[in-house]
A.B. asks: 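The structure that follows is given in the form of structure tokens.
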Amino acid sequence: MELLDGIEYLMVQEAAALKGVTPQGVYGAIRSGRVPVRKIGKSVFVTVSDIQAWEPAGHGGKRPGQGRKKRLETLTEARK
């Protein structure tokens with residue numbers, strides 16, 4: 001954590017660890033404008049308060065039990 005101008009900042013990797021997401025997830029939020037950044041040289045920093053306020057949308061993959069039902073499950077339910 002860095003303290004700049006009296007504000008606590010995190011590097012992207014630290015912010016990702018704090019929220020339990022990958023650094024790519026944080027970069028995605030930065031690109032979409034959901035998390036503002038401050039660049040110093042080539043380093044990217046985000047404020048602790050902005051990261052705490054950000055709610056990740058979740059991962060893009062399907063979780064077990066989500067998505068389309070298997071054909072057998074659909075046929076079984078149709079017969080009930």
A.B. asks: To the nearest 0.5 Å, how far apart are CD in Glu8 and CG in Asp50?
C.D. replies: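 These two atoms lie 12.5 Å from each other.
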A.B. asks: Show the nearest heavy-atom pair for residues Pro23 and Ala16, with the distance to one decimal.
C.D. replies: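 Taking every non-hydrogen atom into account, N-CB, 3.6 Å.
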A.B. asks: Locate the shortest heavy-atom distance separating Val46 from Pro36; write the atom from each residue and the value.
C.D. replies: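 Taking every non-hydrogen atom into account, CG1-O, 3.6 Å.
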A.B. asks: Decide yes or no for Tyr9 and Val48: does some side-chain heavy atom of the first lie under 4.5 Å from some side-chain heavy atom of the second?
C.D. replies: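 Contact flag for Tyr9/Val48 side chains = no.
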A.B. asks: So do Ile40 and Phe45 actually touch side chain to side chain, heavy atoms under 4.5 Å?
C.D. replies: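 Yes; the side chains approach each other to less than 4.5 Å.
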A.B. asks: Is any side-chain heavy atom of Thr47 less than 4.5 Å from a side-chain heavy atom of Leu10?
C.D. replies: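 Counting from C-beta outward, Thr47 and Leu10 never come under 4.5 Å.
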A.B. asks: Quick check against the 3.5 Å criterion: does Lys19 have a side-chain atom that pairs as donor or acceptor with the backbone of Trp54?
C.D. replies: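 Yes, the answer is positive, given that a donor and an acceptor are paired below the 3.5 Å cut-off.
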